[in-house]
Amino acid sequence: MKIIFHGHSCLELQLKEHTLLIDPFITGNPSAKISKDDIKKCDYIILTHGHGDHYGDTDFLAKKFGATVLATFELAVSVSKKGIKTHELNLGGGFNFPFGRMKLTLAHHSSSTPDGNYAGDPAGVILNVDDKTIYHAGDTSLFDGMKIIGDTHKIDYAFIPIGDNYTMGVDDAVKAAEFLKADIVVPIHYNTFDLIKADAEQFKRKTESIGKKCLILKPGESIEC
Ligand code: NI
Ligand code: MN
């Protein structure tokens, strides 16, 4: 599989047969190196929550590719009213999709649609795809439930926010890396805007000082795994 980081919290997962986008915030994302028209395939869009910097180009891409949007119940219902295919889940629930298994985890944050309507709870995501386990934390504070996530899933790659202000900052994210016990931790949700400036190299040093591996991806860079 190839995992491409498009900046902020947006990941493109090119699996053997399917392409998934997580939090497709491309238009208006100052760190994105592509435009929404550069996405060539999209079978599923996974939304951690409804905020605009995660919802992004969901409507455009879902309609262009006939993609199915996977999200918590209330957000999925609001997306489905636009004539977009959806699959609703809720926290702690997983489902075996044609691409693999996806489960929603807790995330401590808030959620509303880009136009300000109630969008249920925010979530993190655990994916079991192409023999790898990927965790995308969404927007969240540090919480002790991350220990449970780490104890119950053998995570290969954990994508966690470090930008502070709206989510964990560097020090809390280092603690999260300890809890999650992931093979490799990748920082996201930082340096997109002035409010979430963070030093990824400092995060890497601190993570490595507790014996964890950290990989910094610049927007546009990818992992082959
Ligand atoms: Ni948010
Ligand atoms: Mn956010």
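For this chain, numbers begin at 1 and follow the sequence in order. Keep in mind that this is a model prediction, so the values were computed, not measured. All ligand and atom numbering here is 1-based and tracks the order in the structure.
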Sort out for me which residue in Asn29, Asn191, Asp53 forms a side-chain hydrogen bond (donor to acceptor under 3.5 Å, both in side chains) with His8.
Asp53

At the Mn ion (ligand 2), what angle lies between atom NE2 of His54 and atom NE2 of His189, rounded to 10 degrees?
100°

Under 3.5 Å, is there a donor on one side chain and an acceptor on the other for Thr72 and Asn90?
no

Using a strict 4.0 Å threshold on nitrogen-to-oxygen distance, state whether Lys41 and Asp43 make a salt bridge.
yes

Report yes or no: do Asp139 and His51 form a side-chain donor-acceptor pair below 3.5 Å?
no

Please name the atom of Asp139, restricted to N, O or S, that is closest to the Mn ion (ligand 2).
OD2

Around atom NZ of Lys82, are there more than 12 heavy atoms from other residues, nucleotides or ligands closer than 6.0 Å?
yes

Only N/O/S atoms count here: what is the atom of Asp53 closest to the Mn ion (ligand 2) called?
OD2

Would you list the protein N, O or S atoms within less than 2.8 Å of the Ni ion (ligand 1), leaving out water?
His49 NE2, His51 ND1, His109 NE2, Asp139 OD2

Would you kindly say whether Asp57 and Thr27 are connected by a side-chain donor-acceptor distance under 3.5 Å?
yes

Could you give the distance from CD1 (Ile148) to CE (Met146), rounded to the nearest 0.5 Å?
12.0 Å

